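Worksheet: one structure, shown below.
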Amino acid sequence: AHEVLIFDVSDLSQSPAALNPSGAQYFPSSPTKNLVQSIAYSPDNAHLAVAMSNRKVYIYATTDYSAPAATLEPSTANGQYVRKLSFSPDSAELAAANVNGGVYLYRTADYTATPHVLAAPAGSSGQAKAVSYAADGSRLAVSVGGKLYVYDRSDLSQAPALAFDTSNQIEALAWMP
């Protein structure tokens, strides 16, 4: 089964809520190819975002898991899917890191609005495998291949700073609070 299970850890005697974000609509070639890539809860607990390998991100209101409140398709133009999701600390923005190295920034007040797109930084190659906001929301870190880039969120038109370069893939990011 390709589903997301949501447990209420305050009462484990209850059965978990089960989500099937794709509505059983899998890639034509095989049902095993539509896999969950990333999950993120908004810090205000209003939204759950689920990225699937069918190139879609499903947004659920945490008050109603029966159907997605919004469906995002940040990567259909280039045929790529989202690897990682991260909400900003104020829950106002959702970052979706794409395997083409780009990052789509959605305003959570209106998921239907066109996202701000951070293209893969010049000189980078590989997939955007991780994305994370600083605890104060001032910076956004993105790993592309073996490079770690840090964007200043007050001016996203500026090129990101290259913070680290390694021959290894950076698969996960976290900021120290």
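If you're wondering where the values come from, they're calculated on a predicted model, not measured in any experiment. These values consider heavy atoms only, across backbone and side chains, with no hydrogens, waters or symmetry-generated copies.
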Between Lys84 and Lys129, is a side-chain contact (heavy atoms from CB on, under 4.5 Å) present by the stated rule, with each step listed?
CA-CA 6 Å; Lys84 296 293 181 198; Lys129 290 200 170 189; 5.6 Å; no
With side-chain contact (heavy atoms from CB on, under 4.5 Å) as the test, would you mind laying out the steps for Gln37 and Tyr81 before giving the verdict?
CA-CA 9 Å; Gln37 297 296 312; Tyr81 60 90; 3.3 Å; yes
Candidate pair Val36 and Val50, rule side-chain contact (heavy atoms from CB on, under 4.5 Å), full reasoning:
CA-CA 7 Å; Val36 174; Val50 180; 4.3 Å; yes
Take Leu156 and Leu118, measure what side-chain contact (heavy atoms from CB on, under 4.5 Å) needs, and give me the verdict at the end.
CA-CA 8 Å; Leu156 291 173; Leu118 300 174; 4.1 Å; yes
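When side chains are defined from C-beta on, Leu94 counts as touching Ile59, because their heavy atoms get closer than 4.5 Å. When side chains are defined from C-beta on, His116 does not count as touching Tyr104, because their heavy atoms never get closer than 4.5 Å. Contact check for Leu140 versus Leu105: side-chain heavy atoms found under the 4.5 Å cut-off. The shortest side-chain heavy-atom distance between Ile39 and Leu48 falls under the 4.5 Å cut-off. A 4.5 Å side-chain heavy-atom check between Leu35 and Ser53 finds at least one atom pair inside the cut-off.
His47 pairs with exactly one of Tyr58, Tyr41, Tyr111 by the ring pair (Phe, Tyr, Trp, His ring centres under 6.0 Å) rule, that one being Tyr111.
Salt bridge status for Arg55 with Glu73: absent, with no side-chain N to carboxylate O gap under 4.0 Å. Ionic pairing of Arg83 and Glu171 is present here: one or more N-O contacts between side-chain nitrogen and carboxylate oxygen are shorter than 4.0 angstrom.
With hydrogens and angles ignored, the 3.5 Å screen pairs a side-chain donor or acceptor of Ser143 with a backbone N or O of Ala130. With Ser38 contributing its side chain and Leu85 its backbone, the two residues share a donor-acceptor pair below 3.5 Å. Listed for the Thr108 side chain is a donor-acceptor partner under 3.5 Å among the backbone atoms of Ser91.
The shortest heavy-atom contact between Ala95 and Val103 is CB-CG1, 4.0 Å. When all heavy atoms are compared, the tightest approach of Ser132 to Ser86 is CA-OG, 3.8 Å. Scanning all heavy atoms of the two residues, the minimum distance from Ala49 to Val57 falls at CB-CG1, 4.3 Å. Of all non-hydrogen atoms in Ala128 and Gly102, the two that sit nearest each other are CB-O, 4.1 Å. Pro89 and Ala134 make their closest contact through CG-O, 3.2 Å (heavy atoms, listed as atom of the first residue, atom of the second, distance).
Using a 4.5 Å cut-off between side-chain heavy atoms of Ile, Leu, Val, Met, Phe, Trp and Tyr, with links allowed through other members, Phe87 and Trp175 fall into different hydrophobic clusters.
Note that CG of Asp165 is 5.0 Å distant from NZ of Lys147, once rounded to the nearest 0.5 Å.
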